[in-house]
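Letters A, B, ... are given to chains in the order of the sequence lines, protein chains preceding strands, and every chain is numbered from 1.
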Amino acid sequence: MKKIKTQSDFFDKVFEVVAEIPIGKVTTYGAIAEACGIRSSARTVGWALNSAKNSYLPCHRVVNRFGALTGKIHFGNPQLMQDLLQGEGVKFDSEGNVILADHLWLPAKRNRFSKTKNL
DNA sequence: TGACTGACCAACA
DNA sequence: CTGTTGGCCAGTC
């Protein structure tokens, strides 16, 4: 089986991971990229979501490493992203960032990120 | 067609 | 310790 590492391969993984994010939980781009096997392509993860934002994928549950809703801009309604998360029980701090300490969810892969999470 | 950007993260100087 | 660059993939100009 020739495994051609092309578009769908990476995107598909991102979609699967994002689709498995439980309610009231959030994950990070790096975590997804890590789960995909390429932590360096965290940027591309954002693009995957950009293409998936029109899909059923809960892109609003994907935040950056700081818990900031960096992708809210692409939602059309920046407030919608935070509203959705709050509606799921996600809490935000004074800076408007998701409290990863209580809502960070790592894809079934490596929990190595926990180390970097503790800022 | 070629090059740059883009919702990022981590390593190196 | 802080600043900068590198890297990955795909889409857009």
Side-chain angles (χ1 to χ4, degrees):
Chain A
M1 56 183 165
K2 44 175 121 188
K3 196 60 185 294
I4 307 174
K5 46 171 4 182
T6 47
Q7 40 198 27
S8 302
D9 189 49
F10 184 79
F11 272 46
D12 188 57
K13 288 180 181 177
V14 176
F15 298 150
E16 287 187 56
V17 174
V18 176
E20 291 185 46
I21 301 175
I23 306 293
K25 294 288 182 178
V26 296
T27 190
T28 65
Y29 299 98
I32 298 172
E34 225 342 85
C36 292
I38 321 172
R39 69 181 177 196
S40 307
S41 57
R43 295 163 62 164
T44 317
V45 175
W47 272 121
L49 297 177
N50 195 8
S51 297
K53 71 174 191 278
N54 292 326
S55 190
Y56 62 94
L57 296 177
C59 328
H60 58 273
R61 292 183 199 149
V62 184
V63 297
N64 69 351
R65 221 182 69 282
F66 301 96
L69 309 181
T70 41
K72 66 184 178 188
I73 309 168
H74 295 274
F75 269 74
N77 294 326
Q79 201 65 27
L80 177 64
M81 190 172 181
Q82 186 173 336
D83 187 59
L84 288 171
L85 291 172
Q86 289 180 339
E88 295 180 353
V90 178
K91 296 176 183 174
F92 294 78
D93 58 14
S94 302
E95 297 179 0
N97 299 335
V98 177
I99 301 176
L100 297 176
D102 293 335
H103 302 290
L104 177 61
W105 174 86
L106 278 305
K109 210 68 179 175
R110 303 176 175 178
N111 290 24
R112 251 178 149 186
F113 261 81
S114 302
K115 182 175 70 171
T116 323
K117 287 308 170 352
N118 196 10
L119 292 174

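Taking the P atom of each, dG6(C) and dC4(B) are spaced 13 Å apart, rounded to whole Å. Comparing the P positions of dG3(C) and dA7(B) gives a spacing of 23 Å, expressed to the nearest Å.
By the 4.5 Å heavy-atom criterion applied to side chains, Val14(A) and Trp47(A) are not counted as neighbours.
Closest to the Tyr29(A) side chain, of the nucleotides dA7(B), dC9(B), dC8(C), is dA7(B). Comparing dC8(C), dA7(B), dC9(B) against the side chain of Ala42(A) picks out dC9(B) as the nearest. Checking dC9(C), dC8(B), dA7(B) against every side-chain atom of Arg43(A), the shortest atom distance belongs to dC8(B). The side chain of Leu49(A) sits closest to dA7(B) out of dA10(B), dA7(B), dC8(C).
With Leu69(A) as the partner, the side-chain contact (heavy atoms from CB on, under 4.5 Å) test is satisfied by one option alone out of Val98(A), Val62(A), Asn64(A): Val98(A). The side-chain contact (heavy atoms from CB on, under 4.5 Å) test with Pro107(A) singles out one residue from Val17(A), Val18(A), Ile21(A), and that residue is Val17(A).
Contact record, Cys36(A) with Phe10(A): CB-CE1, 3.8 Å, taken as the closest heavy-atom pair.
Going from atom NZ of Lys13(A) over to atom C1' of dC9(C) covers 13 Å, rounded to whole Å. If you measure from atom CG of Asn50(A) to atom C1' of dG11(C), you get 9 Å, rounded to the nearest angstrom. Whole-Å rounding puts the Leu104(A) CG to dC9(B) P distance at 12 Å. Here dG6(B) presents its P atom at 16 Å from CZ of Phe11(A), a figure rounded to the nearest Å. Distance Phe10(A) CZ to dC8(C) P: 12 Å, rounded to the nearest Å. Atom pair Lys53(A):NZ and dA7(B):P shows a separation of 11 Å (rounding to whole Å applied). As rounded to whole Å, 18 Å separates atom P of dA7(B) from atom CG of Leu57(A). The NE2 atom of His74(A) sits 11 Å away from the C1' atom of dT5(B) (whole-angstrom rounding).
Of the possible donor and acceptor atoms, one in the side chain of His103(A) sits under 3.5 Å from a partner among the backbone N and O of Lys91(A).
Using a 4.0 Å cut-off, some side-chain N or O of Arg65(A) falls inside it from OP1 or OP2 of dA10(B).
Residue-level contact check: Asn64(A) touches the backbone only, with heavy atoms under 4.0 Å from sugar-phosphate atoms and none from bases. In this structure, Ile73(A) reaches neither bases nor backbone, as no heavy-atom distance under 4.0 Å exists between it and the strands shown. Across all strands shown, Thr70(A) has heavy atoms under 4.0 Å from sugar-phosphate atoms exclusively, and none from any base.
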